[in-house]
Student: 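Sending over a structure as structure tokens; questions will come in a sec.
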Amino acid sequence: MNPQLLRDFPLFENLTDEHLAEIAELCGTSEYAKGESIFFEGDEGDGLYLILSGVVQIYQDNHTRDVILSIFREGDFFGEMALLQNEKVRSASARTIEKSTLCILKKHHFLALVQSRPEILIGILETALDRLRDANKLITDLTILDVRKRMARLLLRLTEQHGVPSAEGTLIDVKLTHQHLADMMGTARETVTKLLLELQNEQWIRIDRKKIIVCDMARLRATVDAM
Ligand SMILES: Nc1ncnc2c1ncn2[C@@H]1O[C@@H]2COP(=O)(O)O[C@H]2[C@H]1O
């Protein structure tokens with residue numbers, strides 16, 4: 001694959017062109033259709049996945065419904081845990097939300113790479129710790145907040161992770177269904193539909209081609225801070 005495609009990954013930002021070329025040699029790319037499974041919780045870890053384009057959800061399937069732990073997009077990586085934790089399997093499942101192109105670094109190549117370039121391991125650790133912080137917040141939200149406040153927190157988190165400025169405010173640049181949002185905040189799809197309608201009527205948000213625009217970020221931040 002073209003090594004310059006790896007340039008956009010924060011994980012590799014300090015590597016030279018030469019190093020990127022070495023990694024690119026070891027990577028394979030795969031195309032996934034919208035809604036296609038990548039791996040399942042409990043599978044053996046075969047490799048590290050880097051998102052070249054598209055959107056991927058990380059989720060746990062709890063029989064009655066999915067719980068979405070995170071949503072990743074281009075520039076993000078996932079699947080490091082089963083590779084770094086000896087004898088442990090995939091901690092969650094991964095499935096595309098949009099058609100995606102992924103770059104896969106096989107386990108033995110990944111392990112050799114982090115041994116020769118420990119700075120990559122530090123980058124992975126920093127990202128994993130950020131994800132742990134997010135997970136902690138999520139546990140607290142799910143435990144103590146009512147659904148309207150959980151929705152406010154979720155919108156703020158999505159703007160931080162996937163927000164781009166738009167004429168009307170901050171656009172959350174991923175097409176998420178009401179079911180995806182429900183699976184992220186531990187509620188029913190019908191509750192999300194009702195809440196989104198309320199928030200639109202109160203002019204907090206606008207929906208444009210299945211994407212949410214947060215019209216007043218300052219108000220959203222102030223509301224979340226006051227919780
Ligand atoms: N709470 C979480 N937040 C974000 N990403 C996660 C979370 N839990 C697991 N993952 C990612 O999902 C991947 C599932 O496969 P692994 O366990 O190999 O590695 C995992 C991480 O990359």
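All ligand and atom numbering here is 1-based and tracks the order in the structure. Nothing here was measured: the structure is a model prediction, and the numbers come from that model.
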Student: Any idea which protein heavy atom is nearest atom 8 (N) of ligand 1, and the distance to it?
Tutor: L69 CD1, 3.9 Å
Student: Looking only at protein heavy atoms, which one is nearest to atom 17 (O) of ligand 1, and what is the separation?
Tutor: S91 OG, 2.7 Å
Student: Using a strict 4.0 Å threshold on nitrogen-to-oxygen distance, state whether R95 and E36 make a salt bridge.
Tutor: no
Student: Looking at A92, which atoms of ligand 1 are within less than 4.0 Å of one of its heavy atoms?
Tutor: 14 (C)
Student: So which heavy atom in the protein is nearest atom 22 (O) of ligand 1, and how far is it from that ligand atom?
Tutor: E80 OE1, 2.6 Å
Student: Please confirm whether the ring centroid of F72 lies under 6.0 Å from the ring centroid of Y49.
Tutor: no
Student: Give the atom numbers and elements of ligand 1 that come within less than 4.0 Å of a heavy atom of F78.
Tutor: 22 (O)
Student: Please list the nearest protein heavy atom to atom 13 (C) of ligand 1 with its residue and the distance rounded to 0.1 Å.
Tutor: G79 N, 3.9 Å
Student: Below 4.0 angstrom from a heavy atom of A82, which ligand 1 atoms are there? Numbered from 1 as shown, please.
Tutor: 16 (P), 17 (O), 18 (O)
Student: Among protein heavy atoms, which sits nearest to atom 15 (O) of ligand 1, and what does the distance come to when rounded to 0.1 Å?
Tutor: R90 CD, 3.3 Å
Student: Are E13 and R7 close enough for a salt bridge, meaning some N to O gap below 4.0 Å?
Tutor: no
Student: Hey, is D141 close enough to R153 for a salt bridge, meaning N to O under 4.0 Å?
Tutor: yes
Student: What's the spacing between L52 CG and D76 CG if we round to 0.5 Å?
Tutor: 11.5 Å
Student: Heavy-atom contacts with F72 under 4.0 Å: which atoms of ligand 1 show up? List them by number with element.
Tutor: 4 (C), 5 (N)
Student: Can you establish whether the number of heavy atoms outside Q203 located under 6.0 Å from its atom CD is more than 12?
Tutor: no
Student: Which option wins on minimum heavy-atom distance to atom 16 (P) of ligand 1: K88, Q60, K107, M81?
Tutor: M81
Student: If Ile, Leu, Val, Met, Phe, Trp and Tyr residues are connected whenever their side-chain heavy atoms lie under 4.5 Å apart, and connections chain through other members, are L171 and M217 in the same group?
Tutor: no
Student: Nearest protein heavy-atom contact for atom 10 (N) of ligand 1: which residue, which atom, what distance?
Tutor: I58 CG2, 3.8 Å
Student: Counting only heavy atoms closer than 4.0 Å, does ligand 1 sit against the backbone of S70, its side chain, both, or neither?
Tutor: side chain
Student: Side chain or backbone of F39 under 4.0 Å from ligand 1, or both, or neither, by non-hydrogen atoms?
Tutor: side chain
Student: Could you tell me whether R73 and D173 have a side-chain N and a carboxylate O separated by less than 4.0 Å?
Tutor: yes
Student: Say whether, by atom type as modelled, one donor and one acceptor occur between the side chain of D61 and the main chain of H63 under 3.5 angstrom.
Tutor: yes
